[in-house]
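This report refers to the structure that appears directly beneath it.
In this chain, numbering begins with 1 at the start of the sequence shown.
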Amino acid sequence: MATTAYQAVGRRKKAIARVRLLPGDGKITINRRDIDNYFGLETLKMMVRRPFKLTETGARFDVIASVVGGGLTGQAGAIRHGVSRALILADPELRGALKKDGMLTRDPRMKERKKYGLKAARRAPQFSKR
């Protein structure tokens, strides 16, 4: 019996998430752990579930995500991006709603590199006249 799986990749900052959508009842698994075990903050769980809430497809798909790199917030954003892309593969009609809410746009903000002569990206050493 072949089940249809939709795969997509989502990225944010240094985090990369490989997301698979399978027909199911709305269970979300991240790195072989339940979403409630993986993310402690409720805001991060809401961020991951946002594409389903927007398109009202929460109970139609199970999510299996493999995410590497970055911190928890970046990983949640990457999973959200991957889920949104996979939902479009499952049903192209959902594209308008997801695009309108900005779920398909990859967030381009990255950490700025440290420059020589400075303590951080923009933080200069303390100035003293004497």
Side-chain angles (χ1 to χ4, degrees):
M1 179 172 114
T3 60
T4 309
Y6 302 98
Q7 295 182 334
V9 175
R11 294 181 182 89
R12 182 162 194 277
K13 291 187 174 182
K14 291 283 185 183
I16 301 170
R18 289 175 198 83
V19 177
R20 290 178 61 201
L21 287 187
L22 301 165
D25 56 356
K27 187 177 174 212
I28 300 176
T29 307
I30 302 165
N31 289 350
R32 297 184 181 173
R33 290 165 55 189
D34 188 57
I35 187 170
D36 296 319
N37 283 339
Y38 197 80
F39 292 125
L41 295 174
E42 203 60 41
T43 54
L44 298 179
K45 296 174 198 174
M46 283 174 26
M47 187 188 294
V48 171
R49 292 184 178 120
R50 180 98 175 112
F52 292 117
K53 188 177 179 188
L54 220 97
T55 57
E56 298 169 1
T57 55
R60 279 179 42 196
F61 297 106
D62 283 346
V63 177
I64 298 173
S66 171
V67 62
V68 292
L72 288 178
T73 305
Q75 288 184 352
I79 293 168
R80 182 181 76 175
H81 189 226
V83 165
S84 300
R85 284 178 159 184
L87 278 172
I88 288 179
L89 295 176
D91 185 6
E93 300 288 319
L94 302 175
R95 183 176 176 85
L98 291 169
K99 185 138 179 88
K100 184 180 172 190
D101 211 52
M103 299 285 170
L104 300 178
T105 307
R106 195 242 189 254
D107 192 349
R109 297 175 294 176
M110 297 292 264
K111 183 175 179 181
E112 192 173 339
R113 70 172 283 269
K114 181 195 175 299
K115 280 80 167 189
Y116 53 85
L118 300 179
K119 290 181 175 287
R122 298 183 187 204
R123 168 83 173 101
Q126 185 171 351
F127 175 77
S128 173
K129 216 171 195 178
R130 291 180 233 301

For the residue pair A8 and A86, what are the closest heavy atoms and their distance? CB-N, 3.6 Å
For residues A15 and A78, report the shortest heavy-atom separation together with the two atoms involved. O-CB, 3.8 Å
Salt bridge (Lys or Arg N to Asp or Glu O under 4.0 Å) contacts touching residues 10-27 (sequence neighbours left out): R12-D107
Can you name the side chain to side chain donor-acceptor pair (under 3.5 Å) partners of [X], sequence neighbours left out?
X   : result
Y6  : none
D62 : none
R49 : none

Starting from V83, can I reach V9 by hopping between I/L/V/M/F/W/Y residues whose side chains sit under 4.5 Å apart? no
In one Ile/Leu/Val/Met/Phe/Trp/Tyr side-chain cluster, 4.5 Å: I64, I79: no
Rounded to the nearest 0.5 Å, how far does [atom2] of [Y] lie from [atom1] of [X]?
X    : Y    : atom1 : atom2 : answer
T4   : L22  : OG1   : CG    : 9.5 Å
L118 : R113 : CG    : CZ    : 9.5 Å
M103 : M47  : CE    : CE    : 9.0 Å
F39  : I30  : CZ    : CD1   : 4.0 Å
M46  : R50  : CE    : CZ    : 8.0 Å

Side chain to side chain contact (heavy atoms under 4.5 Å, CB included) with [X]: which residues, sequence neighbours excluded?
X    : value
E112 : K115, A121, R122
L104 : S84, I88, R95, L98, K99
R60  : T57

Which other residues belong to the hydrophobic cluster containing Y116, where Ile, Leu, Val, Met, Phe, Trp and Tyr are joined when side-chain heavy atoms lie under 4.5 Å apart, directly or via other members? none
Distance-only check: which donor-acceptor pairs under 3.5 Å involve side-chain atoms of residues 66-75, not counting sequence neighbours?
{"unit_1": "Q75", "atom_1": "OE1", "unit_2": "Y38", "atom_2": "OH", "d": "2.6"}
{"unit_1": "Q75", "atom_1": "NE2", "unit_2": "G69", "atom_2": "O", "d": "3.0"}

Between L94, D101, L87, which is the residue that forms a side chain to side chain contact (heavy atoms under 4.5 Å, CB included) with P51? L87
Within the side chain of N31, is there an N or O that forms a donor-acceptor pair under 3.5 Å with the backbone of R33? no
Would you call L21 and V63 a side-chain contact if the rule is heavy atoms closer than 4.5 Å? yes
